[in-house]
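Each chain gets a letter, A, B and so on, in the order the sequences are listed, and its residues count up from 1. Just so it is clear, the values below take in all heavy atoms, side chains as well, and ignore hydrogens, waters and symmetry mates.
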There are 2 protein chains.
Amino acid sequence: MTIATATRFRQVCAEHGLTATHQRQILFEVLQGMTGHPSPEKVYAKVKRRIPSVSLATVYKNIHLFIASGIFREVSLHHGSLRVEVNSRPHHHLVCTVCRSISDIDEKDLGLLQKPKTLSSGFLVERYAVDVLGRCPSCQEKP
Amino acid sequence: MTIATATRFRQVCAEHGLTATHQRQILFEVLQGMTGHPSPEKVYAKVKRRIPSVSLATVYKNIHLFIASGIFREVSLHHGSLRVEVNSRPHHHLVCTVCRSISDIDEKDLGLLQKPKTLSSGFLVERYAVDVLGRCPSCQEKP
DNA sequence: TTACAGATGATAAGAATTATTGTTTAATAA
DNA sequence: TTATTAAACAATAATTCTTATCATCTGTAA
């Protein structure tokens, strides 16, 4: 790591009120150097190369901390257990970033899509699923 | 249940090549009568009221079967383990409905959003996350 | 430099899901 | 209707992913 990177990490920690520990710094650097959508286990494997004594729990805790601080995001707020969609009407989802509650919004009420059916990447489009992320009414009261 | 419902269930099973068992029929009816985004446990609880001997594993297996057949959907293909988003550019996701692989597409390349910032429901919009669902190049070969 | 709040590592515990196995049932043909 | 047989079922063990617990250790501010 460069001194610039270390300095930047300390700045980020200061901004978010986090203690600048060695484990966090390595985790930060590892995450920045990864591509795609790594799982905690994958991240752990990389951190472990640089800190062999690191614990998986520490990786989990600090990933959550980085996400809570807004330093990184999670790929989807829907991860977790399986949920069945029983609404057969075309609709999308309002997902609360605080409590993770999901409510439905009819496709026509969202009214923002002009669906291109082909994408240059060779991906065959079947449909779009839009998550509107934000705060549900009851979570707008809390700060 | 009405005779019409039973008949419809048998039709659905015939269409998808499924054996029409009692457990499946009750599960089908229970799902149709639920709202929101129920978990397998919630569904199991309801089925159990009508078939006290039913097993949770049966509910899981048949929910998966219904989803595989396209009779119901799952709320999100992202459920499962936590994934970290390490791409800090504004982007959305191409999600393969067959292998569940995720790839990124730049927001500007998707080009379909006109973001309304307010929704009538009192939901405070922060941002949109679009999943383009379909088949990735390697899954287009299989039938 | 020291005190201490907070972080870490080791590991137990918990929740969600899947696999295994012996028994029962639905679909079909006689 | 009954016999046959592949498929589905219930019970439960096993697995996977994640969180909680707790005894040390460390970063920070005084």
Side-chain angles (χ1 to χ4, degrees), chain A residues 6-7 9-28 30 37-69 71-72 74-84 100, chain B residues 6-7 9-28 30 37-69 71-72 74-84 100:
Chain A
T7 303
F9 171 72
R10 292 194 156 266
Q11 277 177 355
V12 168
C13 285
E15 279 168 25
H16 295 90
L18 306 182
T19 305
T21 70
H22 183 225
Q23 286 85 345
R24 272 175 203 166
Q25 170 148 0
I26 302 305
L27 175 64
F28 181 80
V30 161
H37 313 91
S39 65
E41 282 283 355
K42 279 270 192 294
V43 176
Y44 171 62
K46 285 213 177 244
V47 172
K48 206 170 174 62
R49 285 189 212 153
R50 294 179 57 185
I51 313 176
S53 65
V54 77
S55 164
L56 175 61
T58 297
V59 170
Y60 264 98
K61 278 182 285 197
N62 285 314
I63 286 175
H64 285 312
L65 192 71
F66 285 171
I67 290 170
S69 302
I71 301 169
F72 287 92
E74 52 198 315
V75 168
S76 168
L77 293 176
H78 295 295
H79 81 88
S81 65
L82 173 65
R83 297 305 169 97
V84 185
R100 294 180 178 240
Chain B
T7 303
F9 171 71
R10 293 196 157 264
Q11 277 177 357
V12 168
C13 286
E15 278 167 25
H16 295 90
L18 306 182
T19 306
T21 69
H22 184 225
Q23 285 86 344
R24 271 174 203 167
Q25 170 149 359
I26 302 305
L27 174 64
F28 181 79
V30 161
H37 313 91
S39 65
E41 281 283 354
K42 279 268 192 296
V43 176
Y44 170 62
K46 286 213 176 244
V47 172
K48 207 172 173 61
R49 285 189 212 152
R50 294 179 57 184
I51 312 176
S53 65
V54 78
S55 165
L56 176 60
T58 297
V59 170
Y60 264 99
K61 276 182 288 196
N62 285 314
I63 286 175
H64 284 311
L65 193 69
F66 285 171
I67 290 169
S69 302
I71 300 171
F72 287 91
E74 52 198 316
V75 169
S76 168
L77 292 175
H78 295 295
H79 79 87
S81 66
L82 173 66
R83 296 306 169 96
V84 186
R100 295 181 177 239

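- Here the P atom of nucleotide dC9(D) and the NE2 atom of His64(B) are 14 Å apart, to the nearest Å.
- If you take NZ of Lys61(B) and P of dT12(D), they are 14 Å apart, rounded to a whole angstrom.
- With hydrogens and angles ignored, the 3.5 Å screen pairs a side-chain donor or acceptor of Ser76(A) with a backbone N or O of His78(A).
- For Thr19(B), a side-chain nitrogen or oxygen approaches OP1 or OP2 of dA8(D) to under 4.0 Å.
- Between Asn62(A) atom CG and dG27(D) atom C1' the separation is 14 Å, expressed in whole Å.
- To the nearest angstrom, C1' of dT16(D) lies 14 Å from NZ of Lys42(A).
- Computed from coordinates, the Leu27(B) CG to dA10(D) P distance equals 11 Å when rounded to whole Å.
- Between the P atom of dT16(D) and the OH atom of Tyr44(A) lies a distance of 16 Å, rounded to the nearest Å.
- With hydrogens and angles disregarded, no donor-acceptor distance shorter than 3.5 Å links the side chain of His79(A) to the backbone of Val75(A).
- When the C1' atom of dT26(D) is taken as reference, atom CD of Gln25(A) falls 15 Å away, rounded to whole Å.
- With rounding to whole Å, Leu56(B) atom CG is found 13 Å from dT12(D) atom P.
- Looking only at side-chain heavy atoms (C-beta outward), Ser69(A) and Leu18(A) come within less than 4.5 Å of each other.
- Within the 4.5 Å cutoff, the side chain of Val84(A) has no heavy atoms near those of the Phe66(B) side chain.
- On the nucleic acid side, DNA chain C contacts chain B at distances under 4.0 Å to non-hydrogen atoms, with the end points of that region at dA16(C) to dA27(C).
- Gln23(B) comes within 4.0 angstrom of sugar-phosphate atoms only, judged by non-hydrogen atoms across all strands, and of no base.
- The shortest distance between side-chain heavy atoms of Val47(A) and Thr58(A) does not fall below 4.5 Å.
- Comparing Ser81(B) and Ser55(B) along DNA chain D, the residue whose closest nucleotide (by nearest heavy atom) sits nearer the 5' end is Ser55(B).
- For Arg83(B) and Glu41(A), the salt-bridge test fails: no basic side-chain N is under 4.0 Å from an acidic carboxylate O.
- Residue-level contact check: Ala57(B) touches the bases, meaning some heavy atom is under 4.0 Å from a base atom.
- Listed by chain and residue number, Thr21(B), Arg24(B) satisfy the side chain to side chain contact (heavy atoms under 4.5 Å, CB included) test with Thr19(B) (two or more places apart in sequence, or in another chain).
- Residue Thr58(B) has no polar side-chain atom (N or O) positioned under 4.0 Å from OP1 or OP2 of dA8(D).
- Taking the nucleotide of DNA chain D with the nearest heavy atom to each of Gly80(B) and His22(B), the more 5' of the two is matched to His22(B).
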